[in-house]
*Asks:* 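Quick one: this structure, given as structure tokens, is what I'll be asking you about.
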Amino acid sequence: MKNYLHSLFAEAATRLDYLNGIKLTFDIPKSPEHGDYSSNAPMILAKNLKKAPRLIAQDIVANLKTDSHIISKIEIAGNGFINFFFTPLFLSKLVSEIIEKNGDFGKSTSYSGKKANVEFVSANPTGPLTVGHGRNAVCGDTIANLLEWVGYSVDREYYFNNAGRQMRVLGDSVKKRYLEILGDNMEFPDDYYQGQYINLIAQKIYEKYGDTLRDEDPEGIFKSTAEQEIFLEIKNSLANLDINHKIFYNENDLYTEGKIQALINSFEEKSLSYKKEGAVWLKLTEMGNEADKVIVKSTGEPTYRLPDIAYHIVKLDRAYDLLIDIFGSDHTATYPDVLAAINNLGYDSGKVKVIIHQFVTVIKDGEIVKMSTRKANYITLDELTEEVGKDAVRYFFNMRNLNSHMNFDLNLAKEKSEENPVFYVQYAHARISSIIRMAQDNNIAPSLQDLGLLSSEDEIRLLKILNLFKEEVLLAATNCDPQRITAYVEELAKAFHKFYTTCRIIGVEKNLSSARLTLINAVRIVLANGLSILGVSAPDKM
RNA sequence: GCGCCCGUAGCUCAACCGGACAGAGCAUCAGCCUUCUAAGCUGAGGGUUAGUGGUUCGAGUCCACUCGGGCGUACCA
């Protein structure tokens with residue numbers, strides 16, 4: 001629809017030169033009375049042309065060569081809006097495309113041939129994933145889905161570090177619990193990992209090795225067993241949500257493969273770093289950032305910034321066209337440094353897109369739960385998934401705008417799981433499936449012949465919404481905004497439920513029956529496709 | 001102190017580059033099942049978009065300041 005309007009205006013611009021000077025946009029008005037699309041061009045032009053917007057609008061409209069099979073009405077309204085109304089027949093043309101493309105409808109080739117990498121979750125294996133990680137996990141996977149829908153070939157990647165201080169403490173935490181099992185009276189420091197899972201890992205080690213590990217280095221079997229066990233659990237938690245990373249990248253490889261040293265060298269060669277007080281500093285101020293930062297401590301140990309930069313270079317070297325990082329808001333401060341650094345090393349930081357999501361505030365029994373893996377104060381993602389189900393978890397996290405802080409009331413989520421909007425959407429899909437089954441039993445065949453019979457308000461409303469799907473997918477993908485899809489799918493479901501109460505499919509005149517059956521099949525396909533992007537199932541029965 | 005994000009109905013949240021009377025869901029109240037799934041539909045009430053000022057044809061959206069919340073601001077990750 002939009003394309004048609006653009007071509008109309010382009011043609012008119014050959015006579016109206018002033019149209020070339022502005023950026024044309026077509027908006028979908030909030031109120032249907034204002035048409036399917038509207039243009040605000042007259043108001044933008046008014047100042048320069050020193051002419052009343054409504055007069056400009058008349059001039060433009062007079063120059064538009066519209067096809068009455070496509071546009072049914074053009075109105076000049078308000079202060080100078082031009083409103084366009086499309087014909088139902090034109091709107092219904094899309095239905096045959098939907099039926100034909102089926103599960104592929106909505107996919108586009110806008111970015112085909114391009115490679116993207118989405119890095120998300122990336123929690124170190126020190127404990128189970130929490131509800132807090134859930135948002136990152138679900139949104140990251142959905143964004144990856146969206147990119148695939150617009151043509152990208154996407155790698156999902158998980159970056160982790162099993163070498164740092166956190167992991168040392170983890171290994172030692174396990175050893176202390178192990179020694180407890182052996183009967184030693186251990187002091188267990190406050191800043192050690194308090195979780196029950198530590199005891200379970202220690203128990204496993206005890207069952208396997210008995211008391212032979214009394215003198216084992218905490219960073220040996222204890223740490224490696226903990227890492228394995230925890231990673232197993234993390235992967236399992238993700239798999240429960242249908243999230244599967246293709247690549248797990250260990251920060252440690254950056255060291256063993258010499259990437260860290262190489263990076264230090266290139267900074268030095270390019271005079272992007274200097275030594276001060278025994279540490280190596282990166283000249284971030286010269287790169288336009290706020291302050292220089294240490295990349296190698298005086299102890300000789302790199303700070304986290306260095307591997308972060310090295311890791312991005314590794315990814316850039318893999319020739320992706322787009323790198324997406326999904327971070328929680330606690331990373332807000334670090335990525336500008338990474339971008340500045342890779343830029344100054346001659347890489348295109350424009351390929352890197354950083355998505356920051358705000359934190360989830362978990363509320364349980366009316367109180368805010370302060371999540372801490374260390375203190376074992378958390379609600380695990382698994383508990384949530386078991387409680388409310390995969391579909392609800394995925395839907396819920398995708399319902400919210402990424403940079404809005406969200407409250408997650410666990411009690412509400414559990415008790416209200418029946419009223420979650422996901423059921424509303426799935427119910428529409430199940431209802432349609434049921435009608436289609438029944439139509440088959442009654443030998444009613446769908447037909448593309450009589451779509452012109454679809455003319456009631458509720459039928460046209462459905463057609464209009466169906467016509468927006470492709471654009472929504474593209475917008476959601478380019479803006480990395482999964483929330484658009486949940487909003488869309490709800491709008492479509494709502495329109496269907498309304499239609500269902502006013503229009504019968506079975507038991508009306510044969511041609512109309514066939515046309516409506518085709519219409520709802522198209523609705524079913526688009527609902528299923530939208531849900532598939534979200535990673536939510538589309539049941540045939542409920 | 002400084003930087004980023006946020007503040008919208010009782011609650012949880014929408015509102016694409018600034019656009020027409022700010023929208024949903026839940027909750028509350030009142031209706032709708034002899035016919036395709038009532039996990040549904042219809043209607044009602046509920047708002048000074050935290051506040052003040054500014055920019056312009058037009059501001060929830062942009063700018064400045066104030067108030068309130070989150071996250072940063074490490075030779076922690």
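Each chain gets a letter, A, B and so on, in the order the sequences are listed, and its residues count up from 1.
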*Asks:* My understanding is that only residues two or more places apart in sequence, or in another chain, count here; which of them pass ring pair (Phe, Tyr, Trp, His ring centres under 6.0 Å) with A/Tyr424?
*Replies:*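 Counting only residues at least two positions away or on another chain, A/Tyr424 forms a ring pair (Phe, Tyr, Trp, His ring centres under 6.0 Å) with A/His497.
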
*Asks:* Tell me, which of residues 427-435 of chain A have any heavy atom that sits under 4.0 Å from an atom in RNA chain B?
*Replies:*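 A/Tyr427, A/Ala430, A/Arg431, A/Ser434, A/Ile435, in order of number.
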
*Asks:* Enumerate donor-acceptor pairs with a distance under 3.5 Å from any side-chain N or O in residues 38-58 of chain A to protein atoms, sequence neighbours excluded.
*Replies:*
| unit_1 | atom_1 | unit_2 | atom_2 | d |
| --- | --- | --- | --- | --- |
| A/Ser39 | OG | A/Ala41 | N | 3.1 |
| A/Arg54 | NE | A/Gly78 | O | 3.0 |
| A/Arg54 | NH2 | A/Gly78 | O | 3.2 |

*Asks:* With sequence neighbours excluded, tell me which residues meet ring pair (Phe, Tyr, Trp, His ring centres under 6.0 Å) with A/Tyr255.
*Replies:*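 Partners of A/Tyr255 under the ring pair (Phe, Tyr, Trp, His ring centres under 6.0 Å) test: none.
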
*Asks:* So, using side chain to side chain contact (heavy atoms under 4.5 Å, CB included) as the criterion, who are the partners of A/Glu457 when residues are at least two apart?
*Replies:*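 A/Glu457 satisfies side chain to side chain contact (heavy atoms under 4.5 Å, CB included) with no other residue.
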
*Asks:* Under 3.5 Å, side-chain donor or acceptor atoms of residues 356-371 of chain A against the rest of the protein: list the pairs with distances, not counting sequence neighbours.
*Replies:*
| unit_1 | atom_1 | unit_2 | atom_2 | d |
| --- | --- | --- | --- | --- |
| A/His357 | ND1 | A/Phe327 | O | 3.1 |
| A/Asp365 | OD1 | A/Asn411 | ND2 | 2.9 |

*Asks:* Among all residues two or more places apart in sequence or in another chain, which pass the ring pair (Phe, Tyr, Trp, His ring centres under 6.0 Å) test with A/Phe120?
*Replies:*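 Applying ring pair (Phe, Tyr, Trp, His ring centres under 6.0 Å) to A/Phe120 gives A/His245.
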
*Asks:* For nucleotides 67-75 of chain B, which of its nitrogen or oxygen atoms have a protein nitrogen or oxygen under 3.5 Å away, and what is each distance?
*Replies:*
| unit_1 | atom_1 | unit_2 | atom_2 | d |
| --- | --- | --- | --- | --- |
| B/G69 | N2 | A/His405 | NE2 | 2.9 |
| B/C71 | OP1 | A/Lys370 | NZ | 3.2 |
| B/C71 | O2' | A/Ser329 | O | 2.9 |
| B/C71 | O2' | A/Asp330 | N | 3.3 |
| B/C75 | O2 | A/Ser298 | N | 2.7 |
| B/C75 | O2 | A/Ser298 | OG | 2.7 |
| B/C75 | N3 | A/Ser298 | OG | 3.4 |
| B/C75 | N4 | A/Glu277 | O | 3.1 |
| B/C75 | N4 | A/Glu277 | OE1 | 3.2 |

*Asks:* Return the polar atom pairs (N/O with N/O) between nucleotides 25-34 of chain B and the protein under 3.5 Å, or none.
*Replies:*
| unit_1 | atom_1 | unit_2 | atom_2 | d |
| --- | --- | --- | --- | --- |
| B/G25 | OP1 | A/Lys494 | NZ | 3.0 |
| B/C26 | O3' | A/Glu419 | OE1 | 3.1 |
| B/A27 | OP1 | A/Glu419 | OE1 | 3.4 |

*Asks:* Could you go through residues 435-446 of chain A and list every donor-acceptor pair under 3.5 Å that involves a side-chain atom there, pairing it with any protein atom two or more places apart or in another chain?
*Replies:*
| unit_1 | atom_1 | unit_2 | atom_2 | d |
| --- | --- | --- | --- | --- |
| A/Arg437 | NH1 | A/Asp540 | O | 3.3 |
| A/Arg437 | NH2 | A/Asp540 | O | 3.4 |
| A/Asn442 | ND2 | A/Met438 | O | 3.0 |

*Asks:* What stems, by residue range, does RNA chain B take part in, given at least 3 consecutive Watson-Crick or G-U pairs under 3.5 Å?
*Replies:*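 RNA chain B forms these stems: B:1-7 with B:67-73, B:10-13 with B:23-26, B:28-32 with B:40-44, B:50-54 with B:62-66.
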
*Asks:* What is the per-nucleotide protein-contact pattern of nucleotides 16-21 of chain B, from the 5' end, where B denotes a base atom under 4.0 Å from a protein heavy atom, S denotes such proximity for sugar-phosphate atoms only, and - denotes neither?
*Replies:* BB-BBB

